2 protein chains.
Amino acid sequence: MVKITDVARHAGVSPSTVSYALSGKRPISEETRQRIEASIRELGYRPHAGARALASSRSNVLALVVPLRAGIHVPVVMQFAVSVVTAARRNDHDVLLLTQEEGEEGLRRVADTALVDALIVMDVQLHDARLPLLRALDRPSVLIGFPAAADGLTCIDLDFKAAGELCVERLAGLGHRVVALVGSPPEVYVRGTAFAQRVVEGFTAAAHRNGLSSSVHPCEASPAAARRIAEQLLREHPALTGVVVHNEPVLEPLIDAFEQLGLRVPGDLSVTAICPDEVAEGLRVPVTSIALPSAEVGARAVELLMRKLDGADVPGATLLAPRLTERASTAPRNAP
Amino acid sequence: MVKITDVARHAGVSPSTVSYALSGKRPISEETRQRIEASIRELGYRPHAGARALASSRSNVLALVVPLRAGIHVPVVMQFAVSVVTAARRNDHDVLLLTQEEGEEGLRRVADTALVDALIVMDVQLHDARLPLLRALDRPSVLIGFPAAADGLTCIDLDFKAAGELCVERLAGLGHRVVALVGSPPEVYVRGTAFAQRVVEGFTAAAHRNGLSSSVHPCEASPAAARRIAEQLLREHPALTGVVVHNEPVLEPLIDAFEQLGLRVPGDLSVTAICPDEVAEGLRVPVTSIALPSAEVGARAVELLMRKLDGADVPGATLLAPRLTERASTAPRNAP
DNA sequence: TTCCCCCGTCGAAGCGCTTCGACGTCACGC
DNA sequence: GCGTGACGTCGAAGCGCTTCGACGGGGGAA
């Protein structure tokens, strides 16, 4: 193994000079730097990660905690992980993969052993058991998602309120006057993550702002429940022409139910959804939708962490603007 | 930060004794060990990963290189990654996530900086550019998949030949006498990974062994191609009642085509496939299939690596036995 | 011209751990 | 009864890097 002293000898300088040339933490003359760089290339020198970590108390590794829960859309997680790795590499860091399964103990382990400099935690719950630990840890972290109490934490997520608004704005723009939100299962509003409520807020606010008649309907994640909601909507809101769906598993059965009840999508009914692109695209009628921008979330999360590692202050909350992808499920309202 | 000297002082022993108590590399009296363990708990001691890596030249981290190519089934990759992490943790190791994108440079970097002790490389191609590097690296690796020349490497994968056989055996057991293999696109047999050929070998061997009439049909990954193949099969092999499909994207259109041509699955035609469970389950007619056992591959890959790290010899090739999951697409042949 | 300071470099002191050789003690065999 | 190991523990020497203080030399300000 070639080490820094070998490079130093070869370049005719001291080891510390090589170190400074590499890190840029002290000025080194152009000429000397050139010579050192040449030696490094010639000898094929690579600094030993462990030694570097020990001396500098920086491992240049980030931990990424990925969820395993059922109901998590796997391709989204993967896409996110890849974007984190890519962004980390751009910042000269590597990524250590942890599973939710390891729990708090895993977080504490990698932090306390100084294996990682910072942590990214996905799939944060409203009352996540890891929050106190994350606050107490001596290394920075970024959470994907917003817990109930986010004080002292740095969180990032899609701006679900804006997403709810955007869905409505789109429908309003197409001339729809009566809209409904088919939301997550009731229990999600009670104990899930906060995003469900935020969608409702945005939906309702935008509907009012646009003078639309609107209603909100939590919905179990079953085809039968979808069917029931569809019937109820037609019964109670016969003038309904726009639906926003924030409930992935229900999306397909719901559209099926509407069509069986004689409503064509998008002919009679326009549908927008908040769901992963894969889901929206995989349906018989591809659905106009807003996806969690996983690549952007990953990149931004890493950037936040880098700033924190640099000792900079970062905003506690980062909300990413929703982007709506137009597909086949939306159309202008039929002239009455 | 509490360090080993703190523990030593607290327990009234020397640092080296603490180290030996932890590693078990030298005998320590029961009583002393108890005392040390109590001190560790009381002080909340965690060995510093960097220091440990430097002193022992073992980082206890494995690299996992995941593919990004289009056409890779993401949930399978994820499942695999999770099983690697789980198995690694069981062996007191962590997992560093690398993307294919980083290429050879990435492998070299994590190996040469001693960031990782060993590597797992997914999605190995027949003539993978990384093979020479992997051979030259001073740390052990395990490849998922078999390249053309696997000498000097350790590889693991589903036994695709046995999988081809198993599909045929199953059909033969149900009384089918005329079978066909709808395989991968032609180019895969030329430059892809070796598994496509092995399926053909197994398919053919088992068909002969069972005295079946059989034929093999490479197939482009398009619905049109599927349709063409279906028509061709009916024309050329009117007595056909069993089909093995080794071509994920074609599976659904092929079954559709058969049904449009008047053949019910499984009434008139039994279908078995080699594809991920998610794909097999997601079809209108859930398909009896053999999946790549990703969880098992992950666990076994880690075990192989552990043995290599221990200096033990391991087999160059590990073939995992296929397991066929019975679903709705297979039935006994109709009495003629 | 003199003083000061900054630039570029060096030497040495760790960072926290593992590991090797050494040493005292005790039990056992002859 | 003494030699001989094995056992249990210690001390010290690194592992390869970063970083701090120091120092010589040169340029600008006074």
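Residue numbers begin at 1 in each chain, while the letters A, B, ... track the order of the sequences. All heavy atoms count here, side chains included; hydrogens, waters and symmetry mates do not. Fair warning: this is a prediction, and the values are worked out from it, not measured in the lab.
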> Any side-chain N or O of A:K25 less than 4.0 Å from the OP1 or OP2 oxygen of D:dT19?
Replying inline: yes
> Mind checking what makes ring pair (Phe, Tyr, Trp, His ring centres under 6.0 Å) contact with B:F160, not counting sequence neighbours?
Replying inline: B:F195, B:H246
> Do NZ/NE/NH1/NH2 and the carboxylate oxygens of A:R109 and A:E102 come within less than 4.0 Å?
Replying inline: yes
Please list each protein N or O that sits under 3.5 Å from an N or O in nucleotides 13-15 of chain C, with the distance.
{"from": "C:dC15", "atom 1": "O2", "to": "A:A55", "atom 2": "N", "distance (Å)": "3.4"}

> Could you state the NE2-P distance from A:H48 to C:dG16, rounded to the nearest angstrom?
Replying inline: 17 Å
>> Could you check whether atom CG of B:D313 has more than 12 heavy atoms from other residues, nucleotides or ligands sitting under 6.0 Å from it?
In response: no
>> My understanding is that only residues two or more places apart in sequence, or in another chain, count here; which of them pass salt bridge (charged side-chain N to carboxylate O under 4.0 Å, His left out) with A:R300?
In response: A:E296
>> Of the listed nucleotides (C:dC7, D:dC10, D:dC17), which one gets closest to any side-chain atom of B:S14?
In response: D:dC10
> Between D:dG11 atom P and B:R9 atom CZ, what is the distance in whole Å?
Replying inline: 13 Å
> For C:dT9, does OP1 or OP2 lie under 4.0 Å from any side-chain N or O of A:T17?
Replying inline: no
Would you tabulate the pairs of protein nitrogen or oxygen atoms and nucleotide nitrogen or oxygen atoms of nucleotides 20-24 of chain D closer than 3.5 angstrom?
{"from": "D:dC20", "atom 1": "N4", "to": "A:Y20", "atom 2": "OH", "distance (Å)": "2.6"}
{"from": "D:dG21", "atom 1": "N7", "to": "A:R26", "atom 2": "NH2", "distance (Å)": "3.2"}
{"from": "D:dG21", "atom 1": "O6", "to": "A:R26", "atom 2": "NH1", "distance (Å)": "2.2"}
{"from": "D:dG21", "atom 1": "O6", "to": "A:R26", "atom 2": "NH2", "distance (Å)": "3.3"}
{"from": "D:dA22", "atom 1": "N6", "to": "A:R26", "atom 2": "NH1", "distance (Å)": "3.3"}

> Can you list, by residue number, the residues of residues 28-40 of chain B that have a non-hydrogen atom closer than 4.0 angstrom to DNA chain D?
Replying inline: B:I28, B:S29, B:T32
> Under the side chain to side chain contact (heavy atoms under 4.5 Å, CB included) test, which residues partner B:L133, sequence neighbours left out?
Replying inline: B:E104, B:L107, B:R108, B:L137
>> For B:D157, give me all partners under salt bridge (charged side-chain N to carboxylate O under 4.0 Å, His left out), at least two apart in sequence or on another chain.
In response: none
> Taking only residues two or more places apart in sequence, or in another chain, which ones meet B:V82 in a side chain to side chain contact (heavy atoms under 4.5 Å, CB included)?
Replying inline: A:L68, A:T99, B:T86
>> Holding to salt bridge (charged side-chain N to carboxylate O under 4.0 Å, His left out), I want the full list of residues that pass it with B:R9, two or more places apart in sequence or in another chain.
In response: B:D6
> Looking at residues at least two apart in the chain, or sitting in another chain, which of them share a salt bridge (charged side-chain N to carboxylate O under 4.0 Å, His left out) with B:R130?
Replying inline: B:D128
> A:H73: what forms a side chain to side chain contact (heavy atoms under 4.5 Å, CB included) with it, not counting sequence neighbours?
Replying inline: A:P75, A:V76, A:E248, A:P276, A:E278, A:V279
>> Angle between the end axes of the helix from C:dT1-D:dA30 to C:dC30-D:dG1, five pairs per end, to the nearest 10 degrees?
In response: 30°
